[in-house]
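Owing to the predicted nature of the structure, the values given are computational and were not obtained by experimental measurement. One-based numbering along the sequence shown.
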Amino acid sequence: MENKKYKKLSNWYRKLQISKSPQMNLVWGFFLYTLTGFILLSIPLFHKTDIAFLDNLFISTSAISTTGLGNC
């Protein structure tokens, strides 16, 4: 049963990998890393004071960009 799940996941990944160009992989990677960081920063357990959602989005975007303007 585990082998079937692995094959199914492997086939899905190959379809996903082949259907995207390297440029689209870069764009989707940037978007997914930003979204993951935004979600983690939005968890109330991780901060002591209230922070606006837009600030969390800005920090997560600038954390993976080359400018690094998030810690102003």
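Counting all heavy atoms, side chain and backbone alike, Asp55 lies closest to Ile51 at CB-CG2, 3.7 Å.
A single hydrophobic cluster is seen to contain both Phe31 and Met24, as judged by linkage of ILVMFWY side chains at heavy-atom distances under 4.5 Å, directly or through other members. Linking ILVMFWY side-chain heavy atoms closer than 4.5 Å, directly or via other members, places Phe53 and Leu57 in a single hydrophobic cluster.
Taken to the nearest 0.5 Å, the CG atom of Asn56 stands 10.5 Å off from the CG atom of Leu40. Within the model, atoms OG of Ser60 and OH of Tyr33 stand 13.5 Å from one another, a figure rounded to the nearest 0.5 Å. Atom OG1 of Thr36 is separated from atom CD1 of Ile64 by 9.0 Å, given to the nearest 0.5 angstrom.
Residues Phe38 and Thr61 form no side-chain contact, since every pair of their non-hydrogen atoms from C-beta on lies 4.5 Å or further apart.
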